[in-house]
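Data block below; observations after.
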Amino acid sequence: MNFAKIYDPREMNSYQFVAATGLIMTIVAHIILVVINKRVESFGYLYICWVVFFSAGTFANFKSKPGDHGHHHHHH
């Protein structure tokens, strides 16, 4: 089990990276809202979305075999 895939950005796949970035931005936005004393009800759902997104990315990352990186060709 390569746990670096969870915390090391170089080992993360794009899903995990986007989710981690989104989570950080959500936390920052949340802090700003707290500072300006504004309450947003649906904010908790954002966290859930990012965590689910990250989990799915982590799952995909663990399932992908090493050297399986030839799949980044975007077919349209």
Side-chain angles (χ1 to χ4, degrees):
M1 207 76 161
N2 180 9
F3 285 107
K5 288 187 176 194
I6 296 170
Y7 59 82
D8 185 350
R10 286 165 310 186
E11 292 281 336
M12 284 183 189
N13 61 17
S14 50
Y15 297 108
Q16 287 172 291
F17 197 78
V18 168
T21 306
L23 197 55
I24 291 163
M25 293 193 327
T26 302
I27 291 165
V28 169
H30 209 163
I31 291 166
I32 292 166
L33 288 174
V34 168
V35 167
I36 63 174
N37 204 10
K38 190 160 158 50
R39 191 160 157 63
V40 179
E41 283 301 320
S42 57
F43 232 76
Y45 293 114
L46 269 174
Y47 288 107
I48 295 165
C49 288
W50 289 127
V51 169
V52 168
F53 201 62
F54 189 86
S55 303
T58 304
F59 183 72
N61 201 345
F62 277 124
K63 264 176 57 103
S64 71
K65 291 170 285 302
D68 204 22
H69 295 290
H71 291 296
H72 285 284
H73 307 291
H74 294 285
H75 297 294
H76 288 292

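Basis for what follows: all heavy atoms, side chains included, without hydrogens, waters or symmetry-related copies.
With a 4.5 Å cut-off on side-chain heavy atoms, Y47 and L23 count as touching. Contact annotation: the side chain of F43 approaches that of T26 to within less than 4.5 Å [non-hydrogen atoms, C-beta and beyond]. In this structure the side chain of D8 never reaches within 4.5 angstrom of the side chain of F3, judged on heavy atoms. Contact annotation: the side chain of F53 approaches that of Y15 to within less than 4.5 Å [non-hydrogen atoms, C-beta and beyond].
One hydrophobic cluster holds both V52 and Y45 under the rule that ILVMFWY side chains link at heavy-atom gaps under 4.5 Å. By the rule that hydrophobic residues join a cluster once side-chain heavy atoms approach within less than 4.5 Å of another member, I27 and I48 end up as members of separate clusters. Clustering ILVMFWY residues whenever any of their side-chain heavy atoms sit less than 4.5 angstrom apart, transitively, puts I36 in the very cluster that holds L46.
To the nearest 0.5 angstrom, I24 atom CD1 is 11.0 Å from W50 atom CH2. Taking NE2 from H30 and CZ from R39, the interatomic distance works out to 7.5 Å, rounded to the nearest 0.5 Å. Rounded to the nearest 0.5 Å, atoms CG (N61) and OG (S55) are 12.5 Å apart.
Side-chain atoms of Q16 come within 3.5 Å of backbone atoms of N13 as a donor-acceptor pair (strictly under, hydrogens ignored). Panel note: side chain K5, backbone E11; no donor-acceptor pair is recorded below 3.5 Å. For N2 (side chain) and F62 (main-chain N/O), no donor-acceptor pair under 3.5 Å exists by modelled atom type.
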